[in-house]
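In what follows, a single structure is set out as C-alpha coordinates and then discussed.
The analysis underlying the following values was restricted to heavy atoms, covering all of them including side chains, and did not include hydrogens, waters or symmetry mates. This is a predicted model, so every value here is computed, not measured.
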Amino acid sequence: MKSSTALNSEISRDLEFADNTIAQMLFGDLNRNLHTIEQATGVVIKARGNSLQIFGRTHAVELAATTLQQMYGLLGKGYPVFSQDIAFGVKILESSPQAKLEEIFLDKVCITARKRVISPKSVNQKHYIESIRGNDIVFGIGPAGTGKTYLAVAMAVAALAREQIAKIILTRPAVEAGEKLGFLPGDMAQKVDPYLRPLTDAINDMMGQDKAQELSERGVIEVAPLAFMRGRTLNNAFIILDEAQNTTREQMKMFLTRIGFDSRAVITGDVAQIDLPGTQKSGLIQAEHILTGIKGIAFCHFTKADVVRHPLVQEIIHAYEQQDLSRHAGAPPAKLEG
(Lines give C-alpha, C1' and ligand atoms only; values in the text may rest on other atoms or scores of the structure.)
Protein backbone atom coordinates (compact mmCIF):
# COMPACT_ATOMS: atom_id res chain seq x y z
CA MET A 1 0.00 0.00 0.00
CA LYS A 2 1.34 3.44 -0.92
CA SER A 3 1.95 5.90 1.90
CA SER A 4 -0.02 9.17 2.03
CA THR A 5 3.31 11.03 1.68
CA ALA A 6 4.04 9.24 -1.61
CA LEU A 7 0.54 9.88 -2.89
CA ASN A 8 0.80 13.61 -2.12
CA SER A 9 4.28 14.20 -3.54
CA GLU A 10 4.66 16.24 -6.73
CA ILE A 11 5.73 14.33 -9.84
CA SER A 12 5.67 14.63 -13.61
CA ARG A 13 4.90 11.97 -16.18
CA ASP A 14 5.39 11.85 -19.93
CA LEU A 15 2.93 10.22 -22.33
CA GLU A 16 3.34 9.72 -26.07
CA PHE A 17 0.64 8.45 -28.41
CA ALA A 18 1.59 6.60 -31.58
CA ASP A 19 -1.27 7.76 -33.81
CA ASN A 20 -1.15 11.54 -34.21
CA THR A 21 -4.71 11.77 -35.59
CA ILE A 22 -6.20 9.87 -32.65
CA ALA A 23 -4.05 11.85 -30.24
CA GLN A 24 -5.47 15.13 -31.52
CA MET A 25 -9.00 13.75 -31.18
CA LEU A 26 -8.11 12.76 -27.62
CA PHE A 27 -6.82 16.22 -26.78
CA GLY A 28 -9.94 17.86 -28.28
CA ASP A 29 -10.42 21.19 -30.03
CA LEU A 30 -8.10 23.76 -28.41
CA ASN A 31 -7.10 20.98 -25.96
CA ARG A 32 -10.60 21.07 -24.46
CA ASN A 33 -10.46 17.46 -23.24
CA LEU A 34 -7.12 18.08 -21.55
CA HIS A 35 -8.61 21.07 -19.73
CA THR A 36 -11.45 18.81 -18.53
CA ILE A 37 -8.91 16.41 -17.03
CA GLU A 38 -7.00 19.28 -15.42
CA GLN A 39 -10.17 20.56 -13.76
CA ALA A 40 -11.23 17.08 -12.61
CA THR A 41 -7.88 15.98 -11.19
CA GLY A 42 -5.98 19.17 -10.34
CA VAL A 43 -3.01 18.35 -12.58
CA VAL A 44 -1.32 20.57 -15.16
CA ILE A 45 -0.93 19.15 -18.67
CA LYS A 46 1.42 20.48 -21.33
CA ALA A 47 0.90 19.21 -24.88
CA ARG A 48 3.41 19.16 -27.72
CA GLY A 49 2.50 17.34 -30.92
CA ASN A 50 1.23 13.90 -29.91
CA SER A 51 3.08 13.99 -26.56
CA LEU A 52 1.98 15.14 -23.12
CA GLN A 53 3.67 16.02 -19.87
CA ILE A 54 1.52 15.81 -16.74
CA PHE A 55 2.45 17.62 -13.51
CA GLY A 56 0.84 17.22 -10.10
CA ARG A 57 0.43 15.05 -7.06
CA THR A 58 1.23 11.38 -7.57
CA HIS A 59 -2.32 10.06 -7.30
CA ALA A 60 -3.75 12.80 -9.54
CA VAL A 61 -1.07 12.29 -12.20
CA GLU A 62 -1.67 8.53 -12.24
CA LEU A 63 -5.42 9.07 -12.49
CA ALA A 64 -5.05 11.56 -15.36
CA ALA A 65 -2.58 9.32 -17.22
CA THR A 66 -4.75 6.22 -16.87
CA THR A 67 -7.82 8.11 -18.06
CA LEU A 68 -5.98 9.44 -21.12
CA GLN A 69 -4.56 6.02 -22.02
CA GLN A 70 -7.92 4.31 -21.74
CA MET A 71 -9.69 7.05 -23.68
CA TYR A 72 -7.06 6.76 -26.39
CA GLY A 73 -7.90 3.06 -26.61
CA LEU A 74 -11.61 3.87 -26.92
CA LEU A 75 -10.93 6.30 -29.76
CA GLY A 76 -8.86 3.64 -31.50
CA LYS A 77 -11.92 1.37 -31.46
CA GLY A 78 -14.14 4.01 -33.01
CA TYR A 79 -15.81 5.37 -29.87
CA PRO A 80 -16.40 9.15 -30.19
CA VAL A 81 -14.91 10.68 -27.03
CA PHE A 82 -16.35 14.00 -25.84
CA SER A 83 -15.48 16.15 -22.83
CA GLN A 84 -18.32 14.65 -20.80
CA ASP A 85 -16.94 11.16 -21.50
CA ILE A 86 -13.58 12.32 -20.16
CA ALA A 87 -15.28 13.56 -16.98
CA PHE A 88 -17.18 10.29 -16.58
CA GLY A 89 -13.96 8.34 -17.14
CA VAL A 90 -12.15 10.25 -14.40
CA LYS A 91 -15.01 9.62 -11.96
CA ILE A 92 -15.08 5.90 -12.76
CA LEU A 93 -11.34 5.40 -12.40
CA GLU A 94 -11.17 7.51 -9.26
CA SER A 95 -13.67 5.26 -7.48
CA SER A 96 -12.67 2.00 -9.24
CA PRO A 97 -8.99 2.18 -10.31
CA GLN A 98 -9.09 -1.31 -11.84
CA ALA A 99 -12.10 -0.53 -14.07
CA LYS A 100 -11.83 -1.00 -17.82
CA LEU A 101 -13.55 1.90 -19.58
CA GLU A 102 -13.89 -0.14 -22.78
CA GLU A 103 -16.08 -2.70 -20.99
CA ILE A 104 -18.37 0.10 -19.80
CA PHE A 105 -18.49 2.63 -22.64
CA LEU A 106 -18.55 0.07 -25.47
CA ASP A 107 -21.57 -1.74 -23.99
CA LYS A 108 -24.00 -0.33 -26.55
CA VAL A 109 -27.55 -0.43 -25.20
CA CYS A 110 -29.26 1.19 -28.17
CA ILE A 111 -28.95 3.95 -30.75
CA THR A 112 -31.41 6.85 -30.62
CA ALA A 113 -33.34 8.30 -33.53
CA ARG A 114 -30.61 10.94 -33.77
CA LYS A 115 -27.94 8.22 -34.07
CA ARG A 116 -26.63 8.83 -30.56
CA VAL A 117 -25.22 5.74 -28.87
CA ILE A 118 -26.58 5.08 -25.39
CA SER A 119 -24.19 3.20 -23.13
CA PRO A 120 -23.49 3.09 -19.39
CA LYS A 121 -21.36 5.89 -17.96
CA SER A 122 -20.44 4.41 -14.56
CA VAL A 123 -19.69 1.08 -12.92
CA ASN A 124 -23.13 1.06 -11.26
CA GLN A 125 -24.85 1.80 -14.57
CA LYS A 126 -22.97 -1.13 -16.14
CA HIS A 127 -24.10 -3.39 -13.29
CA TYR A 128 -27.67 -2.12 -13.74
CA ILE A 129 -27.68 -2.96 -17.45
CA GLU A 130 -26.28 -6.43 -16.82
CA SER A 131 -28.86 -7.00 -14.07
CA ILE A 132 -31.71 -6.10 -16.45
CA ARG A 133 -30.30 -8.55 -19.00
CA GLY A 134 -30.07 -11.35 -16.46
CA ASN A 135 -33.18 -10.93 -14.27
CA ASP A 136 -36.92 -10.70 -14.79
CA ILE A 137 -37.40 -7.98 -12.15
CA VAL A 138 -34.83 -5.27 -11.38
CA PHE A 139 -35.06 -2.40 -8.91
CA GLY A 140 -32.97 0.71 -9.64
CA ILE A 141 -32.72 2.86 -6.50
CA GLY A 142 -30.84 6.14 -6.21
CA PRO A 143 -30.88 9.92 -6.62
CA ALA A 144 -32.13 11.91 -9.58
CA GLY A 145 -29.94 12.13 -12.66
CA THR A 146 -28.29 8.71 -12.34
CA GLY A 147 -29.90 7.31 -15.50
CA LYS A 148 -32.21 4.83 -13.78
CA THR A 149 -35.27 5.52 -15.92
CA TYR A 150 -33.48 6.55 -19.10
CA LEU A 151 -31.39 3.37 -19.27
CA ALA A 152 -34.45 1.25 -18.48
CA VAL A 153 -36.32 2.86 -21.39
CA ALA A 154 -33.28 2.29 -23.62
CA MET A 155 -33.24 -1.39 -22.67
CA ALA A 156 -36.98 -1.62 -23.41
CA VAL A 157 -36.57 -0.01 -26.84
CA ALA A 158 -33.66 -2.36 -27.64
CA ALA A 159 -35.72 -5.39 -26.58
CA LEU A 160 -38.61 -4.25 -28.78
CA ALA A 161 -36.28 -3.73 -31.76
CA ARG A 162 -34.92 -7.28 -31.33
CA GLU A 163 -38.52 -8.60 -31.04
CA GLN A 164 -37.79 -10.03 -27.59
CA ILE A 165 -41.01 -8.43 -26.39
CA ALA A 166 -44.22 -7.26 -28.09
CA LYS A 167 -45.04 -4.25 -25.95
CA ILE A 168 -43.53 -1.52 -23.78
CA ILE A 169 -45.55 -0.33 -20.79
CA LEU A 170 -44.46 2.79 -18.90
CA THR A 171 -46.21 3.70 -15.67
CA ARG A 172 -45.82 5.77 -12.53
CA PRO A 173 -48.03 6.72 -9.58
CA ALA A 174 -49.83 10.05 -9.92
CA VAL A 175 -48.89 11.32 -6.48
CA GLU A 176 -49.47 14.99 -5.79
CA ALA A 177 -46.09 16.49 -4.82
CA GLY A 178 -47.37 19.68 -3.21
CA GLU A 179 -49.87 20.38 -6.01
CA LYS A 180 -53.45 19.31 -6.57
CA LEU A 181 -54.60 17.42 -9.66
CA GLY A 182 -57.93 19.20 -9.49
CA PHE A 183 -56.31 22.51 -10.31
CA LEU A 184 -54.79 21.20 -13.54
CA PRO A 185 -56.82 21.96 -16.68
CA GLY A 186 -58.55 19.38 -18.87
CA ASP A 187 -59.99 15.90 -18.44
CA MET A 188 -58.38 13.11 -16.41
CA ALA A 189 -56.02 12.08 -19.22
CA GLN A 190 -54.80 15.66 -19.53
CA LYS A 191 -54.47 15.98 -15.76
CA VAL A 192 -52.15 12.97 -15.40
CA ASP A 193 -50.12 13.77 -18.52
CA PRO A 194 -47.60 15.98 -16.64
CA TYR A 195 -46.85 13.08 -14.28
CA LEU A 196 -46.07 10.78 -17.21
CA ARG A 197 -44.20 13.34 -19.32
CA PRO A 198 -40.69 12.22 -18.23
CA LEU A 199 -41.45 8.76 -19.61
CA THR A 200 -42.86 10.02 -22.90
CA ASP A 201 -39.89 12.38 -23.26
CA ALA A 202 -37.49 9.44 -22.91
CA ILE A 203 -39.39 7.37 -25.48
CA ASN A 204 -39.50 10.29 -27.94
CA ASP A 205 -35.77 10.82 -27.52
CA MET A 206 -35.04 7.14 -28.22
CA MET A 207 -37.39 6.57 -31.15
CA GLY A 208 -38.28 9.98 -32.49
CA GLN A 209 -41.67 11.55 -31.83
CA ASP A 210 -43.36 10.31 -35.03
CA LYS A 211 -42.33 6.68 -34.54
CA ALA A 212 -43.25 6.77 -30.85
CA GLN A 213 -46.67 8.23 -31.65
CA GLU A 214 -47.29 5.58 -34.31
CA LEU A 215 -46.43 2.77 -31.89
CA SER A 216 -48.58 4.36 -29.20
CA GLU A 217 -51.57 4.49 -31.54
CA ARG A 218 -51.05 0.80 -32.34
CA GLY A 219 -50.87 -0.05 -28.64
CA VAL A 220 -47.25 -1.23 -28.83
CA ILE A 221 -46.24 1.51 -26.41
CA GLU A 222 -48.51 2.28 -23.50
CA VAL A 223 -48.03 5.10 -20.99
CA ALA A 224 -50.49 5.08 -18.11
CA PRO A 225 -50.89 5.88 -14.42
CA LEU A 226 -50.18 2.98 -12.06
CA ALA A 227 -53.86 2.76 -11.06
CA PHE A 228 -54.66 1.64 -14.61
CA MET A 229 -52.60 -1.55 -14.11
CA ARG A 230 -55.02 -3.08 -11.61
CA GLY A 231 -56.69 -6.29 -12.76
CA ARG A 232 -54.40 -6.83 -15.77
CA THR A 233 -51.92 -9.57 -16.63
CA LEU A 234 -49.00 -8.22 -18.64
CA ASN A 235 -47.52 -10.87 -20.93
CA ASN A 236 -44.63 -10.51 -23.40
CA ALA A 237 -43.95 -6.96 -22.26
CA PHE A 238 -41.20 -4.75 -20.89
CA ILE A 239 -42.77 -2.84 -17.99
CA ILE A 240 -41.18 0.16 -16.28
CA LEU A 241 -42.53 1.55 -13.02
CA ASP A 242 -41.00 4.98 -12.43
CA GLU A 243 -41.09 7.07 -9.21
CA ALA A 244 -41.75 3.86 -7.29
CA GLN A 245 -40.87 5.52 -3.97
CA ASN A 246 -44.37 7.00 -4.17
CA THR A 247 -46.15 3.66 -4.25
CA THR A 248 -47.80 2.22 -1.17
CA ARG A 249 -47.19 -1.37 -0.09
CA GLU A 250 -50.48 -2.41 -1.69
CA GLN A 251 -49.70 -0.64 -4.97
CA MET A 252 -46.26 -2.23 -5.20
CA LYS A 253 -47.70 -5.69 -4.55
CA MET A 254 -50.43 -5.06 -7.13
CA PHE A 255 -47.87 -4.00 -9.74
CA LEU A 256 -45.47 -6.88 -9.17
CA THR A 257 -48.27 -9.43 -9.42
CA ARG A 258 -49.33 -8.06 -12.84
CA ILE A 259 -46.19 -9.48 -14.48
CA GLY A 260 -47.00 -12.35 -16.82
CA PHE A 261 -45.09 -14.80 -19.00
CA ASP A 262 -42.15 -13.62 -21.13
CA SER A 263 -42.20 -10.24 -19.41
CA ARG A 264 -39.65 -8.30 -17.45
CA ALA A 265 -40.05 -5.32 -15.18
CA VAL A 266 -37.80 -2.49 -14.03
CA ILE A 267 -38.80 -0.48 -10.98
CA THR A 268 -37.01 2.83 -10.36
CA GLY A 269 -37.15 5.31 -7.53
CA ASP A 270 -35.38 7.68 -5.18
CA VAL A 271 -36.10 6.97 -1.51
CA ALA A 272 -34.94 10.50 -0.64
CA GLN A 273 -37.91 12.01 -2.53
CA ILE A 274 -40.98 10.34 -1.08
CA ASP A 275 -44.17 12.40 -1.56
CA LEU A 276 -46.68 10.04 0.05
CA PRO A 277 -49.13 11.81 2.35
CA GLY A 278 -49.20 11.41 6.11
CA THR A 279 -47.57 8.36 7.64
CA GLN A 280 -47.88 6.09 4.60
CA LYS A 281 -44.76 4.01 4.08
CA SER A 282 -43.07 3.63 0.71
CA GLY A 283 -43.76 0.40 -1.12
CA LEU A 284 -40.31 0.64 -2.69
CA ILE A 285 -38.53 0.54 0.67
CA GLN A 286 -40.71 -2.30 1.89
CA ALA A 287 -40.19 -4.27 -1.33
CA GLU A 288 -36.44 -4.32 -0.81
CA HIS A 289 -36.87 -5.71 2.70
CA ILE A 290 -39.36 -8.33 1.54
CA LEU A 291 -37.90 -9.45 -1.81
CA THR A 292 -34.12 -9.35 -1.34
CA GLY A 293 -32.66 -12.80 -1.92
CA ILE A 294 -35.31 -14.07 -4.33
CA LYS A 295 -33.72 -15.51 -7.48
CA GLY A 296 -34.62 -13.53 -10.58
CA ILE A 297 -35.02 -10.26 -8.66
CA ALA A 298 -32.08 -7.83 -8.48
CA PHE A 299 -31.57 -4.59 -6.58
CA CYS A 300 -29.16 -1.99 -8.00
CA HIS A 301 -28.17 1.08 -6.01
CA PHE A 302 -26.88 4.37 -7.40
CA THR A 303 -25.12 7.23 -5.62
CA LYS A 304 -24.46 10.86 -6.44
CA ALA A 305 -21.23 9.69 -8.13
CA ASP A 306 -23.43 8.16 -10.86
CA VAL A 307 -25.14 11.45 -11.75
CA VAL A 308 -24.90 12.05 -15.51
CA ARG A 309 -26.67 15.39 -15.72
CA HIS A 310 -25.14 18.85 -15.38
CA PRO A 311 -22.10 18.69 -13.05
CA LEU A 312 -23.89 20.95 -10.57
CA VAL A 313 -26.57 18.27 -9.99
CA GLN A 314 -24.03 16.13 -8.13
CA GLU A 315 -23.08 19.11 -5.96
CA ILE A 316 -26.74 19.91 -5.26
CA ILE A 317 -27.44 16.33 -4.15
CA HIS A 318 -24.37 16.41 -1.89
CA ALA A 319 -25.44 19.73 -0.32
CA TYR A 320 -28.91 18.41 0.52
CA GLU A 321 -27.43 15.18 1.92
CA GLN A 322 -25.16 17.19 4.22
CA GLN A 323 -28.08 19.26 5.49
CA ASP A 324 -30.14 16.11 6.11
CA LEU A 325 -27.26 14.60 8.09
CA SER A 326 -27.04 17.75 10.21
CA ARG A 327 -30.74 17.65 10.96
CA HIS A 328 -30.71 13.96 11.87
CA ALA A 329 -27.79 14.59 14.21
CA GLY A 330 -29.82 17.28 15.98
CA ALA A 331 -27.41 19.98 14.94
CA PRO A 332 -28.37 23.22 13.18
CA PRO A 333 -28.29 22.96 9.35
CA ALA A 334 -24.82 23.34 7.92
CA LYS A 335 -24.18 26.65 6.20
CA LEU A 336 -23.92 26.13 2.45
CA GLU A 337 -21.06 28.11 1.01
CA GLY A 338 -22.00 30.01 -2.16
Side-chain angles (χ1 to χ4, degrees), residues 107-120 125 128-141 146-174 189-190 192-247 251-252 254-269 284 287 296-298 300:
D107 186 357
K108 183 169 62 178
V109 176
C110 80
I111 301 176
T112 70
R114 297 181 180 180
K115 306 301 180 184
R116 185 167 61 86
V117 176
I118 297 176
S119 61
Q125 286 192 357
Y128 183 53
I129 292 299
E130 291 177 342
S131 295
I132 294 174
R133 290 173 177 148
N135 296 273
D136 289 334
I137 299 176
V138 173
F139 288 80
I141 303 171
T146 50
K148 306 181 301 295
T149 303
Y150 196 77
L151 286 174
V153 172
M155 290 292 288
V157 170
L160 183 66
R162 290 193 290 267
E163 299 184 349
Q164 295 174 337
I165 50 145
K167 188 170 187 175
I168 296 174
I169 299 174
L170 309 172
T171 185
R172 66 191 308 191
Q190 292 170 319
V192 300
D193 179 69
Y195 291 89
L196 304 173
R197 184 60 59 84
L199 297 172
T200 56
D201 285 348
I203 280 286
N204 290 339
D205 187 44
M206 304 282 176
M207 294 184 158
Q209 191 167 356
D210 292 342
K211 180 68 173 178
Q213 184 174 347
E214 176 197 340
L215 293 177
S216 296
E217 291 172 353
R218 288 167 45 195
V220 176
I221 296 175
E222 179 181 346
V223 184
L226 178 59
F228 289 16
M229 299 296 109
R230 189 174 299 277
R232 301 177 61 183
T233 300
L234 308 173
N235 294 314
N236 199 19
F238 196 119
I239 313 135
I240 299 172
L241 170 58
D242 191 33
E243 297 289 332
Q245 76 274 6
N246 289 328
T247 61
Q251 287 175 323
M252 179 62 75
M254 179 273 290
F255 172 78
L256 292 172
T257 53
R258 299 307 94 205
I259 300 166
F261 293 106
D262 299 318
S263 287
R264 62 183 60 189
V266 178
I267 299 97
T268 68
L284 177 59
I297 300 178
C300 300

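- A distance-only check finds no donor-acceptor pair linking the side chain of R264 to the backbone of N135 [under 3.5 Å].
- Counting all heavy atoms, side chain and backbone alike, A156 lies closest to I240 at CB-CD1, 4.2 Å.
- Under a 3.5 Å cut-off, the side chain of D205 and the backbone N or O of D201 do not form any donor-acceptor pair.
- Between atom CZ of residue R258 and atom CD1 of residue I169 there is a gap of 11.5 Å, rounded to the nearest 0.5 Å.
- Listed here is the closest heavy atom pair of V220 and A166: CG1-O, 3.7 Å.
- At least one side-chain heavy atom of I137 sits under 4.5 Å from a side-chain heavy atom of L256.
- Between I203 and V153 there is a side-chain heavy-atom pair separated by less than 4.5 Å.
- Between atom CG of residue L170 and atom CD1 of residue I239 there is a gap of 10.5 Å, rounded to the nearest 0.5 Å.
- The shortest distance between side-chain heavy atoms of V109 and Y150 does not fall below 4.5 Å.
- Between the side chain of S263 and the backbone N or O of L234, at least one donor-acceptor pair lies under 3.5 Å.
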Between side-chain atoms of residues 206-214 and protein atoms elsewhere (two or more places apart, or another chain), which donor-acceptor pairs fall under 3.5 Å?
unit_1 : atom_1 : unit_2 : atom_2 : d
Q213   : NE2    : E217   : OE2    : 3.3
E214   : OE2    : R218   : NH1    : 3.3

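- Remark: of the listed residues L199, V223, L226, L199 is the sole one forming a side-chain contact (heavy atoms from CB on, under 4.5 Å) with R172.
- Between the side chain of T171 and the main chain of L241, no donor-acceptor pair closer than 3.5 Å is present.
- Of all heavy-atom pairs between Q125 and G147, the closest is NE2-CA, 4.0 Å.
- Looking at I297 and D136, their side chains never come closer than 4.5 Å, going by heavy atoms from C-beta outward.
- Contact check for L151 versus Y128: side-chain heavy atoms found under the 4.5 Å cut-off.
- Taking CD of Q251 as the start and CG of L284 as the end, the distance is 12.5 Å to the nearest 0.5 Å.
- With T112 contributing its side chain and R116 its backbone, the two residues share a donor-acceptor pair below 3.5 Å.
- Inter-residue side-chain proximity for M155 and F238 is flagged as met; some heavy-atom pair is nearer than 4.5 Å.
- A side-chain hydrogen bond (donor to acceptor under 3.5 Å, both in side chains) check over residues 230-239, counting only residues at least two apart or in different chains, returns the pairs E222-R232.
- The OG atom of S216 lies 8.0 Å from the CG atom of N204; values are rounded to the nearest 0.5 Å.
- A salt bridge is absent between D242 and K148; no separation between the charged side-chain nitrogens and carboxylate oxygens falls under 4.0 Å.
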- [ ] With side-chain contact (heavy atoms from CB on, under 4.5 Å) as the test, would you mind laying out the steps for M254 and T247 before giving the verdict?
- [x] CA-CA 10 Å; M254 179 273 290; T247 61; over 6 Å; no
